[in-house]
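Structure, as structure tokens:
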Amino acid sequence: MSNITSSSTTIPLPKTNTPTTQYIQGEKLTVTPLGAGNEVGRSAVLLQFKGKSVLFDCGIHPAYTGLASLPFFDEIDPQEIDLVLITHFHLDHCGALPYFTEHTNFSGKVYMTNPTRAIYKLLLSDFVKVSDVHVDDQLFTEQDLLKSLKRIETIDYHQELEYNGIKFWCYNAGHVLGAAMFMVEIAGVRVLYTGDFSRQPDRHLLGAETPVLSPDVLIVESTYGIQVHESQIERERRFTQMVTEIVRRGGRCLIPVFALGRAQELLLILDEYWETHQDLQSIPIYYASSLAKKAMKIFRTYINMMNDKIKKQFDIHNPFVFKHISNLKSIDDFQDNGACIIMASPGMLQSGLSKELFELWCSDPRNGVIIAGYCVDGTLAKKIMSEPDTVTLSNGNTVPLRMTVKTISFSAHSDRQQTEEFISAVKPPHIILVHGDPTNCHRLKQALQIKYTETRVFAPKNCNPVQIVFQSEKRAKVLGQLAQTKYQDGDDINGILLHHNFQHLLLDEKDLKLYADISCSGVKQTLLIPLNNEIDYIELFKRLFQNVKVDAGNKQLVKKEKEDTPTTTTTSMEDDNTTTSTTTEATASSSDENVKTEEEKKEEDTTMKEVKEETDSSITGKIIVKIDDSVKIELRLKDPTPCALLEWPSSATNDCIVDGICSLVLYNNKEEQLELLEEGKDELKILYCIQQMLKERFGECTCKLNDDKEIEVLDTTETLAIRVNSFGEIVYCKDEKLRGALEIALRRIFVSMFPLPTMMGCLDDCCGAEQHNRGVINIQF
């Protein structure tokens with residue numbers, strides 16, 4: 001059974017109504033982009049503070065394959081990561097998670113929202129199946145994905161959780177179904193990571209929330225830099241116009257989209273537009289995704305997380321059961337007979353059905369492709385946005401690019417206006433920009449620095465840490481039984497101060513088990529000291545302490561000083577010197593009530609005499625004296641060697657009481673102690689101990705005592721090496737170079753031999769106060 005020593009702590013309340021804040025030394029908070037630093041893709045941002053580490057997102061780069069697509073995990077030790085928080089299901093934010101959990105030594109926890117977890121499984125499973133890479137370049141297998149799924153825990157919006165001293169909760173981020181912004185709090189410092197967010201509501205999702213609490217650090221996306229999106233109505237009008245222009249000329253319209261997310265928004269727009277335009281209903285619309293049916297089930301399941309319009313429609317019919325849109329599982333099921341619209345994944349034409357259809361149709365000028373989302377540098381979608389004359393196919397052939405290429409933004413990323421509105425609302429003193437190419441990132445940084453002059457803005461590259469110094473608040477919360485008392489300003493609160501996960505809690509010892517996995521136990525100390533049976537120790541204790549109980553033969557005496565005659569004891573220890581003083585102050589009053597009559601004095605003297613007689617009658621046994629009902633003294637005056645056994649529970653107060661008792665007992669009979677020492681009873685023992693200790697440290701030597709009671713230390717040639725006075729001071733040293741080392745050695749030798757005043761006369765008062773102030777031990781021989 002382990003013992004835990006608990007001590008009582010007193011915390012004074014502030015004297016005024018203004019809360020008092022105590023600051024500790026500043027500590028560095030570090031934010032390091034392992035991905036998404038001056039780029040879009042492989043989002044992974046590491047937060048480190050007070051020994052805690054949180055990784056925001058764990059994605060892959062869509063422009064690369066294999067290990068090259070991963071964040072820079074080689075810059076960190078995954079085992080040191082406490083938490084991984086995934087904001088949403090897009091591959092550039094979660095695609096590297098199976099690799100990180102199953103192919104590194106990561107042992108922490110992973111959190112995401114329920115919709116994100118459900119779609120994560122579908123998307124990553126499809127990613128493994130359709131990845132056009134060699135088996136050796138595959139980052140993970142289907143089995144790795146299933147294992148990672150077991151390690152994922154879910155969190156709801158506004159649900160506050162805590163793990164290993166890290167508090168965290170999340171808000172709706174807009175963007176896609178289940179997208180979250182994470183607020184993390186470590187030691188009172190809050191960091192908000194937005195991930196991809198959009199404050200503009202769309203046809204099925206709400207806009208991003210604005211947190212009530214302001215973060216100390218805001219990590220925000222800069223995808224569109226200083227661009228400002230067009231209104232929702234204008235954007236939808238332009239989109240439907242682009243589509244109808246292509247199909248009315250008999251062309252095929254390709255819309256590359258990610259399987260889930262923006263695809264559902266575009267499907268809602270097209271289905272509604274086709275419903276109101278009968279002349280277009282003969283032209284088929286296909287949603288080419290093997291995940292279509294499964295995805296729609298997930299959207300139906302989490303309809304409660306969408307906007308009010310969708311919820312009202314759902315009461316009548318399921319808005320995600322489309323009237324004019326058909327599912328297309330593969331290109332083998334497609335009959336290319338003329339004008340049509342096909343939405344196919346992936347959204348950047350990296351691989352899969354969207355790339356296959358593009359290569360099939362790109363040489364026909366009647367056809368068209370509409371890029372409806374953000375595209376990363378290095379992808380095919382990004383290349384054709386500049387409308388080159390030719391494109392290179394997967395087989396290596398080069399063909400002319402004759403189909404029209406149109407772009408429109410349905411990516412649901414924040415633009416400059418939304419970002420500035422968000423910053424103005426949350427008012428962070430520090431901003432870190434991520435998830436943006438170098439141009440957009442630095443343009444937005446400059447714009448924010450101009451507008452928010454008191455805010456520091458950073459735009460770090462990958463693996464370049466941003467360090468911010470914080471001075472954390474140090475406050476204690478009063479809980480449990482202590483909190484039931486009403487305190488006034490200036491009152492002291494006594495309890496146990498518990499430090500747990502950067503929090504300070506002030507508790508009663510009885511409440512420890514309720515708030516911590518520890519219990520309170522005490523340390524009992526015992527000490528045996530010699531006595532002189534000629535001294536009346538009981539009377540000495542009564543003079544020194546206020547509450548004394550004497551038990552001699554099952555009879556007790558309780559002696560308490562009156563309030564008008566207080567007794568104070570001061571015991572101080574400074575280095576190796578001990579000074580004890582006892583002061584009794586008598587306060588006389590002119591009032592007759594405070595003056596003892598002769599009869600009262602006589603009665604008190606009689607009582608004390610009776611008690612003394614009772615004590616003397618039981619002197620053959622052991623006398624028990626208790627002070628303040630805590631320090632127990634067992635007087636063994638009839639033992640062959642008279643002694644006292646002290647027992648007390650360790651505490652600052654009790655230790656002071658015992659120090660006073662030791663000083664009182666051991667200093668009382670000084671003259672007899674000096675006589676015993678002058679007879680030489682302990683002289684040889686002391687010299688022998690000093691000689692042996694010096695021998696161990698400096699080699700062979702001999703110690704003797706001269707006529708001046710000084711210790712002379714002789715070397716092997718019988719030459720005087722050093723002379724030490726009774727205070728342990730070197731008065732002569734043959735080799736001055738060794739004086740410093742010898743002084744330290746002698747001081748330690750004397751402290752080890754005489755840690756407390758003993759019968760040897762150590763620290764004798766007759767040496768004078770001046771000698772005590774020297775900070776050395778005085779040994780009288």
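For H277, the ring-ring contact (aromatic ring centres under 6.0 Å, His included) partners two or more places apart in sequence, or in a different chain, are Y273. Looking at residues two or more places apart in sequence or on another chain, you find a ring-ring contact (aromatic ring centres under 6.0 Å, His included) between H430 and F470.
Taking CG from N114 and CE from M305, the interatomic distance works out to 7.5 Å, rounded to the nearest 0.5 Å. Remark: I219 CD1 to I431 CD1 distance equals 11.5 Å, nearest 0.5 Å. How far CD of Q281 is from NZ of K323: 6.5 Å, rounded to the nearest 0.5 Å. Distance CG/N327 to OH/Y286: 11.5 Å, rounded to 0.5 Å. Interatomic distance, E185 CD to D216 CG, rounded to the nearest 0.5 Å: 8.5 Å.
The aromatic rings of Y224 and H413 sit tilted, their planes meeting at an angle between 30° and 60°. Ring orientation note: the planes of H93 and H88 are tilted relative to one another, at an angle of 30° to 60°. Ring pair F197/F422 is tilted by interplanar angle, where 30° to 60° counts as tilted. Ring pair H175/H90 is perpendicular by interplanar angle, where above 60° counts as perpendicular and below 30° as parallel.
For K406 and E245, the salt-bridge test fails: no basic side-chain N is under 4.0 Å from an acidic carboxylate O.
Remark: of the listed residues K461, H435, H442, H442 is the sole one forming a side chain to side chain donor-acceptor pair (under 3.5 Å) with N38.
Summarising the geometry of Q227 relative to D415, their closest heavy-atom pair is O-CB, 3.1 Å, with the distance given to 0.1 Å.
Note on residues 424-448: no pairs pass salt bridge (charged side-chain N to carboxylate O under 4.0 Å, His left out), not counting sequence neighbours.
The closest donor-acceptor contact from the side chain of R416 to the backbone of V228 lies at 3.5 Å or more, if one exists at all.
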